[in-house]
Amino acid sequence: MCPTSRRSRPAIDMTLIERLDTLAGAAIARLPDVAYPLITKLTSARLLAPARLPSDVVTIGSEVLYHDDQGARDRRVTLSWPEDADISRRSVSILTPVGVALLGLSAGDRFQWQTRAGERRSLTVLQVGSEPRPAAAPAAPRPGLS
């Protein structure tokens with residue numbers, strides 16, 4: 001993934017880092033094409049308290065409108081935890097290439113990513129909204145990837 005962003009680094013809600021790091025670590029063997037870019041993003045991100053995270057930054061629960069440059073169409077998705085993802089409801093898992101790419105970006109940011117089929121895609125974030133954000137990452141234990 002090659003983000004081109006107004007920001008020098010993606011911004012991520014610091015209360016989500018532990019869970020995101022755990023997901024990335026658990027995914028290394030099964031989904032290295034997602035795990036390694038997620039780890040890279042987490043290590044380079046600016047970590048912000050939820051109250052300081054700008055409302056236009058993509059995080060878990062954000063509804064994102066982006067333009068698919070190759071398909072010349074706009075898509076609206078919600079970034080979700082793996083167990084909540086459902087493509088029929090336009091809910092995209094953080095453990096997908098586009099989910100990792102979107103995390104931490106905001107309206108106007110452009111990025112390139114590679115699909116699991118190896119196709120290069122170029123996308124532009126047009127708009128970011130959100131569902132009510134949780135105060136912190138869920139505390140329930142996660143027995144593995146869903």
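Sequence positions, counted from 1, serve as the residue numbers for this chain. Both backbone and side-chain heavy atoms feed into the values below; hydrogens, waters and symmetry mates do not.
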Residues in side-chain hydrogen bond (donor to acceptor under 3.5 Å, both in side chains) with [X], at least two apart?
X     : value
Ser88 : Asp86
Arg76 : Glu63
Ser80 : Ser91
Thr40 : none

Quick check: closest heavy atoms across [X] and [Y], and the distance to 0.1 Å?
X     : Y     : answer
Leu20 : Leu38 : O-CD2, 3.9 Å
Pro32 : Pro37 : O-CD, 3.8 Å
Pro97 : Asp33 : CG-OD2, 4.2 Å

*Joint hydrophobic cluster, Leu103 plus Leu31, side-chain heavy atoms closer than 4.5 Å*: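 Yes: a chain of side-chain contacts under 4.5 Å links Leu103 to Leu31.
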*Would you please name every residue forming a side-chain contact (heavy atoms from CB on, under 4.5 Å) with Ile17, sequence neighbours left out?*
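Ile12, Leu42, Leu47.
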*Would Val125 and Leu102 satisfy side chain to side chain contact (heavy atoms under 4.5 Å, CB included), going step by step from the backbone distance to the final call?*
CA-CA 8 Å; Val125 177; Leu102 286 169; 4.1 Å; yes
*Heavy-atom distance under 4.5 Å between the side chains of Thr124 and Asp109, does that happen here?*
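In short, these two side chains do not touch, never coming nearer than 4.5 Å.
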N/O donor-acceptor pair under 3.5 Å between [X] side chain and [Y] backbone:
X     : Y      : value
Lys41 : Ala101 : yes
Ser93 : Leu95  : yes
Asp84 : Trp81  : no

*Could you walk me through whether Arg110 and Ser122 pass side chain to side chain contact (heavy atoms under 4.5 Å, CB included), step by step?*
CA-CA 7 Å; Arg110 294 173 181 238; Ser122 177; 5.9 Å; no
